[in-house]
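Input: a single structure, listed below in structure tokens.
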Protein chains: 2
Amino acid sequence: MARKSGSDGKKTAQVLRAAATRLFAQYGYAAVSMRQIAAEVGVQAGALYLYTPDKQTLLFQIMDRHMDDLLTAWQGESADSPADPMARLEQFVRFHIRFHLQRVDGVFIAYMELRNLSKENFAVIEAKRRQYERLLEAILQDGSAAGRFELCDSKLSSYAIIAMLTGVTTWYRDDGRLSVEKIEEIYLCMVRGLVMQGSAKTGS
Amino acid sequence: MARKSGSDGKKTAQVLRAAATRLFAQYGYAAVSMRQIAAEVGVQAGALYLYTPDKQTLLFQIMDRHMDDLLTAWQGESADSPADPMARLEQFVRFHIRFHLQRVDGVFIAYMELRNLSKENFAVIEAKRRQYERLLEAILQDGSAAGRFELCDSKLSSYAIIAMLTGVTTWYRDDGRLSVEKIEEIYLCMVRGLVMQGSAKTGS
DNA sequence: GTCTATAGAAGGATAGAC
DNA sequence: GTCTATCCTTCTATAGAC
């Protein structure tokens with residue numbers, strides 16, 4: 001039959017994003033075909049074009065929503081932000097780890113598929129990525145100005161922290177020896193060391 | 001004419017690896033065609049198969065040589081390794097940053113294209129990656145045992161250090177404000193803080 | 001050692017039936 | 001809302017000429 005019984009456009013659209021997210025994360029955008037995605041969704045390839053004008057837009061929407069979710073989630077989390085810079089830093093570290101472990105596929109795509117975005121789409125995503133980075137930079141600068149942190153370099157410290165925190169997604173396994181809570185504690189410990197190391201300070 | 005004047009198989013093979021490395025790093029393995037590589041090399045597509053049995057092997061060889069170069073370079077560098085764990089750690093940090101900044105394309109491929117390797121090829125590369133990780137783990141464990149480091153977690157500390165050091169490749173620019181020497185100093189400063197943070201120690 | 005030519009498969013995207 | 005069928009392009013890899 002032409003229309004499957006119980007089929008639903010809204011739902012298919014969601015299933016499509018979910019399927020594409022999973023496949024892009026696993027095999028990479030360029031390596032995944034529209035036919036593969038269609039098979040995962042349970043429709044024929046042509047039907048996908050009811051929900052996306054093309055493959056590029058599909059990738060962009062996945063990444064764009066991911067970044068929006070990230071920024072929105074942090075806004076919610078930090079609504080009642082503590083005044084103490086160290087407390088805010090700890091809040092950020094915990095948030096970053098938790099969010100990234102919950103959305104491993106999205107994170108993977110957001111970092112690996114940047115080069116497959118068109119120029120215009122890249123600019124949009126890159127701006128949101130910078131926006132997120134600046135959240136941490138602001139915390140570090142505030143803490144530094146208040147004399148609570150001793151940073152080796154204010155910009156590189158934020159790059160280093162984000163890199164080490166995001167790295168968790170590359171080795172974390174649900175059945176590993178460490179709970180998410182425990183992982184947060186360990187990274188908090190390391191980040192504290194990193195922002196309290198003033199002996200070889202190089203200015204910012 | 002059939003054979004270009006001055007053409008040279010040995011040289012073409014090298015040019016091929018170089019061209020493929022550049023293109024794979026820029027656009028990704030799956031997005032780059034053999035025709036594109038051939039154009040970069042300056043030959044027709046069919047001629048590439050004199051130097052590689054297929055595209056997959058080309059990717060594998062690039063990654064495999066990269067890992068061999070990395071391990072060999074460290075062997076040379078650490079031939080006269082200092083006894084002091086902190087000195088060895090500093091040697092590793094400087095080496096890692098310097099090597100990775102000199103070989104940005106290779107690093108990019110080695111991290112991003114793992115999923116495009118066949119199962120067998122993946123196993124080979126993954127083993128060498130683990131081998132490299134263990135070099136740092138050994139330094140951290142020795143230093144910890146000698147009471148010179150206070151680690152939050154011995155395994156996660158090594159993951160965190162490698163992640164933050166490798167992250168340098170994502171933002172470094174030749175014409176940026178910081179020299180490689182200066183970058184090494186800053187990361188040394190941060191790594192010191194990371195391995196001397198014992199207050200919230202969680203064991204290993 | 002490299003070329004041209006091409007086989008054969010797979011890709012993105014569209015048209016029209018139901 | 002989805003299917004089938006298909007257009008047209010592009011891909012990897014090979015064959016045979018030079």
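Quantities reported herein were computed from a predicted structural model and do not represent experimental measurements. Within every chain, numbering begins at 1; the chains are lettered A, B, ... in the order of the sequence lines, protein sequences first and strands thereafter. All values below were derived from every heavy atom in this structure, side-chain atoms included, with hydrogens, water molecules and symmetry-related copies excluded.
C:dG11 atom C1' lies 18 Å from atom OH of A:Tyr27, rounded to whole Å. With rounding to whole Å, B:Tyr51 atom OH is found 8 Å from C:dT2 atom C1'. Taking atom CZ on A:Arg35 and atom C1' on D:dC3, their separation rounds to 14 Å, with Å as the unit. In this structure, the NZ atom of A:Lys10 is 13 Å from the P atom of D:dT2, given to the nearest Å. When the C1' atom of C:dG12 is taken as reference, atom CG of A:Asp54 falls 9 Å away, rounded to whole Å. Computed from coordinates, the A:Tyr29 OH to C:dG11 C1' distance equals 12 Å when rounded to whole Å. If you take CG of A:Leu50 and P of C:dG16, they are 16 Å apart, rounded to a whole angstrom. Distance, A:Leu48 CG to D:dT4 P: 13 Å, rounded to whole Å.
Judged by distance alone, the side chain of A:Gln91 and the main-chain N or O of A:Pro82 form no donor-acceptor pair under 3.5 Å.
A:Val32 comes within 4.0 angstrom of the backbone, heavy atoms only, and of no base.
A:Asp54 and A:Thr57 form a side-chain donor-acceptor contact under 3.5 Å, judged by distance and modelled atom types alone.
Taking for each of A:Gln56 and B:Gln44 the nucleotide of DNA chain C with the nearest heavy atom, the 5'-most of the two is the partner of B:Gln44. Of the two residues contacting DNA chain D, namely B:Gln36 and B:Pro53, the nearest-nucleotide position lying further toward the 5' end is that of B:Gln36.
Closest approach to the B:Tyr49 side chain among C:dT2, D:dT2, D:dA13 is made by D:dA13 (side chain taken as heavy atoms from C-beta onward). When distances run from any side-chain atom of A:Ala47 to the nucleotides C:dA13, D:dG1, D:dC3, the shortest one goes to D:dC3.
The pair A:Lys128-A:Glu133 does not meet the salt-bridge criterion, since no charged nitrogen lies less than 4.0 angstrom from a carboxylate oxygen.
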If you apply the rule side-chain contact (heavy atoms from CB on, under 4.5 Å), what do you find for B:Val180 with B:Gln102, and how did you get there? CA-CA 10 Å; B:Val180 175; B:Gln102 275 164 6; over 6 Å; no

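The phosphate of C:dA10 (OP1 or OP2) has no side-chain N or O of A:Ser33 nearer than 4.0 angstrom.
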